[in-house]
Protein chains: 2
Amino acid sequence: MANLKELSEKLGLSQTTVSRALNGYPEVSEATRQRVIDAAREHNYAPNSSARRLATGKTRTIGHVVPISKHDMINPHFTDFIAGAGTVYNRRGYDMLISVVDAEKETETYRAIKRNRRVDGVIVHGPVANDARPGLLQGLGLPFVVHGRTLQDEASYCWVDVNNRRAFAEATRHLIGLGHRRIALVNGWEHMVFARRRREGYEEALREAGIAVDPLLMSSNEMIEPVGYEAMTAFLAGDDPPTAVLVASALSALGVMGAVRERGLAPGTDISIVSYDDKLSFLDIGPDGMGLTVIRSGIGEAGRHCADMLIDMVEGRRGVDHMLLEASLVPGTSTGPPAGIAVAGKSAAAR
Amino acid sequence: MANLKELSEKLGLSQTTVSRALNGYPEVSEATRQRVIDAAREHNYAPNSSARRLATGKTRTIGHVVPISKHDMINPHFTDFIAGAGTVYNRRGYDMLISVVDAEKETETYRAIKRNRRVDGVIVHGPVANDARPGLLQGLGLPFVVHGRTLQDEASYCWVDVNNRRAFAEATRHLIGLGHRRIALVNGWEHMVFARRRREGYEEALREAGIAVDPLLMSSNEMIEPVGYEAMTAFLAGDDPPTAVLVASALSALGVMGAVRERGLAPGTDISIVSYDDKLSFLDIGPDGMGLTVIRSGIGEAGRHCADMLIDMVEGRRGVDHMLLEASLVPGTSTGPPAGIAVAGKSAAAR
DNA sequence: CGGGCAAGCCAAAGCGCTTTGACTGCGCGT
DNA sequence: ACGCGCAGTCAAAGCGCTTTGGCTTGCCCG
């Protein structure tokens, strides 16, 4: 059955009534509604979504503009984010539109998206230090939720973020509590806001304990395996190598572990490792997998919250809102007192 | 400027003419066309895409139905695939619609997509042994391209695949040529067609060389890091451990490398490793990165070909077509003669 | 000089839905 | 007996585009 007209003719009802019946409006009798629903199912009818969108002015579609960097790379965390957001879209009857664009064409893409009225709102990924996007989108009047936060005006728009600062402060305190004083940080790019906050948390905890911040123990770079390996190798080759390391992502942690293993060091005994764990679905670095001590906050969960918040907004059920998720420290076997300090019964390497 | 009507009034032209001018039809004078284009830009006009879709019956949208497994996991290779496909959609003016659905709801999703006329065609990911999807989609009359191939009727629909069988046969021959006789295989799930073809290639090369296929040297499982680690650890603990191993994915290779390093073995000297490399953008296992010898075929490239093929189809410029990509063996430092056989100047470990 | 033809433009008819505003009975209170 | 409100239904007017089928010009050619 192609369209509403035919279906309504077949039922001997007007298009109005059939449409109302199908969309759950109250002014149609239950008997009629049931008859309509049965007929729709029988004839395999579903409204044409383009027509519906044109008539309502709503697209029931959420856009994700994902910038693609040199080397055609999309942030691997993105997969898990959309896995989370996607289930929400599904449940609430929304579509997910993804635009893969060159990083520098991003603002033009938002403008185009607005002009064509292709989506009801967008999710903004990976906020950077002076991010122009919130301002741009506010100017365009395109509803949005930021995954993360920018550094300024965070009160003026919706966001869902992890309390990165506190998470890293606590992880650092944990290591300090174990007796570590030389603690390295393998961080992400610091133009990304979350990375900056993580460093702040790390430094805050060091200062509290009266430990000097040593630039030689900090690296800021892309969060991928080879980079983690390089950074850790460099730290270990230094004059006064760290006894513990804080890693900003699972992928980096993988590289860090590679460097550690290669040097024949045992995590938890010779060196302590704590990694942030976004719960990349294909890589379990935590206690149940590789055994690392991790600071955990699922990125899929963040995706779900972003999606729900944005849909609430475009449907007018919610105003400007924020959500700060707390990460939790999950102890694994990769942490322990520094090598110099002997502790009975502590020897197992990670895994 | 909201719509065509206003723009045409402002120009003193009919909607017809403005529409034609903007869409490049020949029956409008160049002078007028230019005037229209300038005005459109000046007033920031772009056609409402819902209206256009309704009028034309084309959505200019390609759908990707991605099943989500237990543990909310989406195949990590997916990111790279859509990075490739996405650039093509962009270039050719198409949108990408992604539906994240529970694995068992996949066929219902295709039906719904067809009913609503939300997309012009779909890409089918991860074909399995007796895949129902090609038949279903042919029955629905929804154009599609399969990334990979099923086992039967492959001539009846469009696909883009890698010559997995040959790739693995050649990699195996390469190892045999170096003198290896105990060659293990860390494969993906064999209900996935590509994994099955890879094993066939591997076995073919072994048989050619008169080497018995040893089930104890073969594992078939999910292609993720922890699983690669487990498999390799088990192989190395066996009575007659392999001197070489063939790995089906970069992620598994990571686990394999972890197991190898942990045992203090040097890749290329103590044990040879060849991995299939889909060029995951966040993980370079090849010669330039971790240094492994790899069989390489970019998944992003496959994505581009799929997208182009599908768009050609829905635009009626192409009929049923196939594309078989060849993977190439890229030598790294992780392969060499078996440990027993001494060769001058061969000693460097991977990396 | 008139017919034919191409170039350039337009009015109006969809596309398939939602939504407004109006209409019909029917039961009810007075 | 009459009017009123309410439940249930409908015709028709959009939503903003594309596309069909004409309608003017102006020009060329016999």
Side-chain angles (χ1 to χ4, degrees), chain A residues 1-37 39-40 43-61 93 95 112-120 315, chain B residues 1-37 39-40 43-61 93 95 112-120 315:
Chain A
M1 174 82 38
N3 55 24
L4 228 208
K5 187 156 159 237
E6 290 180 39
L7 181 63
S8 60
E9 278 165 5
K10 196 138 304 188
L11 280 160
L13 289 169
S14 73
Q15 296 190 37
T16 308
T17 304
V18 176
S19 172
R20 298 225 136 122
L22 257 20
N23 290 317
Y25 281 67
E27 51 267 83
V28 50
S29 74
E30 271 316 310
T32 306
R33 186 193 307 284
Q34 202 50 56
R35 202 158 66 86
V36 169
I37 289 174
H43 294 96
N44 194 35
Y45 170 80
N48 178 311
S49 51
S50 304
R52 188 208 281 263
R53 291 204 244 267
L54 177 57
T56 60
K58 297 270 148 215
T59 63
R60 295 191 73 85
T61 301
D95 286 342
I113 273 181
K114 171 65 182 181
R115 271 203 304 268
N116 315 303
R117 304 164 195 77
R118 268 193 309 206
V119 304
D120 292 340
E315 292 185 348
Chain B
M1 173 83 36
N3 54 25
L4 228 208
K5 189 157 157 234
E6 291 180 38
L7 181 63
S8 59
E9 279 166 3
K10 196 137 304 189
L11 279 161
L13 288 169
S14 72
Q15 296 189 36
T16 309
T17 304
V18 176
S19 172
R20 297 225 136 122
L22 256 20
N23 291 316
Y25 282 67
E27 51 269 82
V28 51
S29 75
E30 271 317 309
T32 306
R33 185 192 306 284
Q34 202 51 57
R35 202 158 66 88
V36 169
I37 289 174
H43 293 95
N44 195 35
Y45 169 81
N48 178 310
S49 52
S50 303
R52 188 209 282 262
R53 291 204 244 266
L54 177 57
T56 60
K58 297 271 149 214
T59 64
R60 295 191 73 84
T61 301
D95 285 343
I113 272 181
K114 171 65 181 180
R115 271 201 304 267
N116 315 302
R117 302 165 196 78
R118 269 194 308 208
V119 304
D120 291 340
E315 292 185 347

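Nothing here was measured: the structure is a model prediction, and the numbers come from that model. Protein chains get the first letters and strands the later ones, always in sequence-line order, with residue 1 at the start of each.
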Taking side-chain contact (heavy atoms from CB on, under 4.5 Å) as the definition, give me every residue that meets it alongside B:Q34, ordered by chain and number, with sequence neighbours left out. B:I37, B:D38
Which parts of residues 26-35 of chain A get close to DNA chain C, meaning a heavy atom less than 4.0 angstrom away? none
Provide the closest heavy-atom pair for A:R33 versus A:A21 in the form atom of the first, atom of the second, distance. NH1-O, 2.9 Å
Counting distance only, does the side-chain N/O of B:S8 pair as donor-acceptor with the main-chain N or O of B:L4 below 3.5 Å? yes
Atom NZ of A:K58 and atom C1' of D:dG16: how far apart are they, to the nearest Å? 17 Å
Are the side chain of B:R53 and the backbone N or O of B:T59 linked by a donor-acceptor pair below 3.5 Å? yes
Is a side-chain N or O of A:R60 found less than 3.5 angstrom from the main chain of A:G93, in a donor-acceptor match? yes
Backbone N/O of A:R52 and side chain of A:T56: donor-acceptor pair under 3.5 Å: yes
Could you write out each protein N or O paired with an N or O of nucleotides 17-19 of chain D at a distance under 3.5 Å?
{"unit_1": "D:dC17", "atom_1": "OP1", "unit_2": "B:Y45", "atom_2": "OH", "d": "2.7"}
{"unit_1": "D:dC17", "atom_1": "OP1", "unit_2": "B:N48", "atom_2": "N", "d": "3.0"}
{"unit_1": "D:dC17", "atom_1": "OP2", "unit_2": "B:L4", "atom_2": "N", "d": "2.3"}
{"unit_1": "D:dC17", "atom_1": "O5'", "unit_2": "B:Y45", "atom_2": "OH", "d": "3.4"}
{"unit_1": "D:dT18", "atom_1": "OP1", "unit_2": "B:N23", "atom_2": "ND2", "d": "3.1"}
{"unit_1": "D:dT18", "atom_1": "OP1", "unit_2": "B:R52", "atom_2": "NH1", "d": "3.4"}
{"unit_1": "D:dT18", "atom_1": "OP2", "unit_2": "B:S19", "atom_2": "OG", "d": "2.5"}
{"unit_1": "D:dT19", "atom_1": "OP2", "unit_2": "B:Y25", "atom_2": "OH", "d": "2.7"}
{"unit_1": "D:dT19", "atom_1": "O4", "unit_2": "B:T16", "atom_2": "OG1", "d": "3.1"}

Under 3.5 Å, is there a donor on one side chain and an acceptor on the other for A:S14 and A:T17? yes
Mind calculating the distance between CG (B:L13) and P (C:dA11) to the nearest angstrom? 10 Å
Rounded distance (Å) that lies between atom P of C:dC10 and atom CD of B:E9: 12 Å
When you check the gap from the basic side-chain N to the acidic O, do B:R118 and A:D95 get nearer than 4.0 Å? yes
